[in-house]
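I have placed the structure first, in the form of C-alpha cells, so that the comments after it can refer back to it.
Below, chain A is the first sequence line, B the second, and so on; all start at residue 1.
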2 protein chains.
Amino acid sequence: MTDRRTSIGNSRNPETHAAILDAAHELLAEHGYAGVSMEAVARRAGAGKPTLYRWWPSKTALLIELYEREKTRALAEIPDLGSAQKELVALIKGVHRFWRKTPAGQAFRSIIAEAQADDAALRSLRDEFLPRGRATATVILDRAQARGEIAPDADRELLLDVLFGFSWYRLLTHRLRDDTGAVERLVAALLAAAKAGGSLAGD
Amino acid sequence: MTDRRTSIGNSRNPETHAAILDAAHELLAEHGYAGVSMEAVARRAGAGKPTLYRWWPSKTALLIELYEREKTRALAEIPDLGSAQKELVALIKGVHRFWRKTPAGQAFRSIIAEAQADDAALRSLRDEFLPRGRATATVILDRAQARGEIAPDADRELLLDVLFGFSWYRLLTHRLRDDTGAVERLVAALLAAAKAGGSLAGD
DNA sequence: CCTTATCTGAACGGTACGTTCCGTTTCCCC
DNA sequence: GGGGAAACGGAACGTACCGTTCAGATAAGG
C-alpha cells in the first residue's frame with residue numbers, strides 16, 4: 001500500500017512478504033473472513049497474485065502464517081504460578097483475549113472453516129497446527145503432575161480436548177466475552193476429576 | 001434426477017421440495033461440503049435455480065432444513081434411564097453416531113463453517129438452531145435435578161457448553177470415532193462437579 | 001375462464017479461483 | 001563485467017459459483 005515494490009533480484013523480498021501479511025491482517029480486522037480473498041490481499045498489498053501463490057499454496061497457508069506471527073507477538077508462555085488452576089485459567093483466558101483483541105481470532109475461525117471444505121487443510125490443522133498450540137498446555141500439565149495436582153494416569157489428552165473444545169465453541173459462536181467465571185469453574189471441575197484419578201483418569 | 005418435473009399449478013410441488021433435499025443429501029454424502037453448491041444441487045435435482053432461491057434464501061438455510069429432516073428420522077428422544085450419567089452419555093453418543101452415520105455430520109460442519117463467513121448465518125445458528133438442539137438435554141437435566149443428581153443452582157448452560165464444545169471439537173477435527181470411554185469419563189467428571197455444587201454451580 | 005403461483009431453462013453481471021505469459025529488476029556466480 | 005536465475009508486478013485467461021432476471025409452460029383455484 002506504500003511505495004512501489006519490485007524484485008530485489010535473485011532472492012525473496014522481505015518487504016513483499018511483510019506487506020502481504022499486513023494486508024491480510026488489515027482485511028481480516030476490517031471485514032472478517034469474508035473480506036479476505038487472495039485477490040483482495042494482493043490488491044491491498046500492491047502485490048501480484050503469482051507472488052502470493054509462489055509462497056503460499058492456499059489461503060489457509062497464508063492465514064496460518066499470519067496466525068503464528070500474531071501469536072509470537074501477543075502470546076507469552078505461562079510462568080509457574082503455583083497451581084495448575086491458576087496456570088490453566090491464565091492460559092485459556094489469554095487465548096480468548098488473544099482471539100478477541102487481534103485478528104488472530106478471525107484468522108483461526110477462517111482456518112477452521114476452510115478445514116471443513118478441504119481434507120488436506122483439515123489434516124494440517126489437526127496434525128501440525130493444533131499440536132503446536134498444545135505445547136504450552138503440556139508444560140503446565142507436566143508441572144501439575146510433578147506437584148501431584150493431577151493423577152499420574154490422568155487422561156491429559158481428554159482434558160485438553162475438553163478445554164479447547166469449550167474454547168472453540170465459544171469462539172465459533174462468537175461468545176468469547178461472557179466471562180462469569182466460567183473458565184475458572186470449568187478448570188476447577190476438570191482438575192478435581194483429574195486429581196481424583198477416577199473419572200478423568202486413564203481408562 | 002428422475003422424470004421431468006414441472007409446476008403442478010398454483011401451489012408448491014412437494015416432489016420438487018423432496019428432490020432438492022435429496023440431491024443435497026447425496027452431494028453431501030459423496031463430496032462433502034465442497035461438493036454442495038446451489039448450482040450443483042439444482043443440476044442434480046433437475047430443478048431450476050430460481051426454485052431453490054424461492055424457498056431457501058441461502059445455502060445455509062437449505063442445509064439446516066436438511067439437517068432437521070435427518071434428525072427427525074434418526075435421532076430419538078432419550079427415555080428415562082434411571083441416571084443422568086446414562087442419559088447424557090446416551091445423548092452425546094447418539095449425536096456422535098448421527099453425525100458419523102448420516103450426511104448430517106457433513107451438513108453440520110458446513111453450517112458451522114458458513115457461519116464463520118456470514119454474520120446472519122452465525123446469529124441464526126446460535127440463537128435458533130442450537131437452542132433447538134439443546135431441548136433434549138434440557139429434559140435430561142430437569143430429571144437430574146428432580147433426582148437430586150445435580151445441585152439446584154448448577155450452571156446448566158456451562159455444562160452444556162462444555163459437552164457440546166467437546167462434541168464440536170471432535171466433529172470439526174474429524175475425530176468422532178476414538179471412543180475409549182472419553183464421553184463416559186467426561187460426563188462423570190461434569191456431573192460430579194455439578195452435584196457438589198462447588199465448581200460448576202452458579203457463580 | 002382467467003388470475004395466480006408454480007416450475008424449468010437460459011442468460012446476466014459480478015467475484016474469486018488458480019494459472020499463464022510478459023517485461024522488468026537485481027542478485028549471484030562465473 | 002557479463003549472463004543466467006529467480007523474484008517482482010500486471011494483465012489476461014478459463015472455470016466455477018453466486019444471486020438475479022427474464023422467458024415460456026403448467027395447472028390449480030376462485
Exercise. Can you tell me if the side-chain N/O atoms of B/Thr51 get under 4.0 Å from OP1 or OP2 in C/dT8?
Worked result: yes
Exercise. Rounded to whole angstroms, how far apart are NE2 on B/His17 and C1' on C/dC7?
Worked result: 15 Å
For this session: Output all residues satisfying side-chain contact (heavy atoms from CB on, under 4.5 Å) with B/Ser58, sequence neighbours left out; order by chain, then residue number.
Result: B/Thr60, B/Ala61
Exercise. How would you label the contact of B/Thr16 with the nucleic acid (heavy atoms, under 4.0 Å): base, sugar-phosphate, or nothing?
Worked result: sugar-phosphate
Seminar exercise, completed: To the nearest angstrom, the CZ-P distance between B/Arg44 and C/dT8 comes to 16 Å
Seminar exercise, completed: Between CG of B/Asp118 and C1' of D/dG19 the distance, given in whole Å, is 14 Å
Seminar exercise, completed: Going 5' to 3' through nucleotides 19-25 of chain C and flagging B where a protein heavy-atom sits under 4.0 Å of the base, S where only the sugar-phosphate is that close, and - otherwise, we get BB----B
For this session: Please list, chain by chain and in numerical order, all residues satisfying ring pair (Phe, Tyr, Trp, His ring centres under 6.0 Å) with A/Trp168, sequence neighbours excluded.
Result: A/Phe108, B/Tyr169
Exercise. Looking at A/Gly82 and A/Asp80, what are the two nearest heavy atoms and their distance?
Worked result: N-OD1, 2.9 Å
For this session: Please state how far atom CD in B/Glu39 lies from atom C1' in C/dC17, giving the value in whole angstrom units.
Result: 15 Å
Seminar exercise, completed: Contacts of A/Ser167 meeting side-chain hydrogen bond (donor to acceptor under 3.5 Å, both in side chains) (sequence neighbours excluded), chain-then-number -> A/His96
Seminar exercise, completed: Residues passing the salt bridge (charged side-chain N to carboxylate O under 4.0 Å, His left out) test with B/Glu65, sequence neighbours excluded, are none
For this session: Take the C1' atoms of the five end pairs on each side of the helix from C/dC1-D/dG30 to C/dC30-D/dG1, get both axes, and report the angle to 10 degrees.
Result: 0°
Exercise. Across the strands shown, which category fits A/Ala40 at heavy-atom distances under 4.0 angstrom: base, sugar-phosphate, nothing?
Worked result: nothing
For this session: Using the test side-chain hydrogen bond (donor to acceptor under 3.5 Å, both in side chains), find all partners of B/Arg156 that sit at least two apart in sequence or belong to another chain.
Result: B/Asp142, B/Gln145
Exercise. Roughly, in whole Å, what's the span from CD in A/Glu15 to P in D/dA7?
Worked result: 17 Å
Problem set entry | Short side-chain to backbone donor-acceptor contact, A/Arg5 and A/Ala45, under 3.5 Å | yes
For this session: Would you kindly give the CG-to-P distance between A/Asn13 and C/dC27, to the nearest whole Å?
Result: 11 Å
Problem set entry | Separation of D/dG9 P from A/Met38 CE (nearest whole Å) | 14 Å
For this session: Please collect all salt bridge (Lys or Arg N to Asp or Glu O under 4.0 Å) contacts where either partner lies in residues 47-56 of chain A, sequence neighbours excluded, each pair once.
Result: A/Glu39-A/Lys49
Exercise. Between C/dA16, D/dA7, C/dC7, which nucleotide gets closest to the side-chain atoms of A/Arg54?
Worked result: D/dA7
For this session: Would you please confirm or rule out a distance under 4.0 Å between OP1 or OP2 of C/dA5 and any side-chain N or O of B/Arg12?
Result: no
For this session: Using the salt bridge (Lys or Arg N to Asp or Glu O under 4.0 Å) rule, collect all pairs that involve residues 114-136 of chain A, keeping only residues at least two apart or in two chains.
Result: A/Glu68-A/Arg132, A/Arg134-A/Glu157, A/Arg134-A/Asp161
For this session: Report which part of the nucleic acid B/Trp55 touches: base, sugar-phosphate, or nothing (heavy-atom distance under 4.0 Å, all strands).
Result: sugar-phosphate
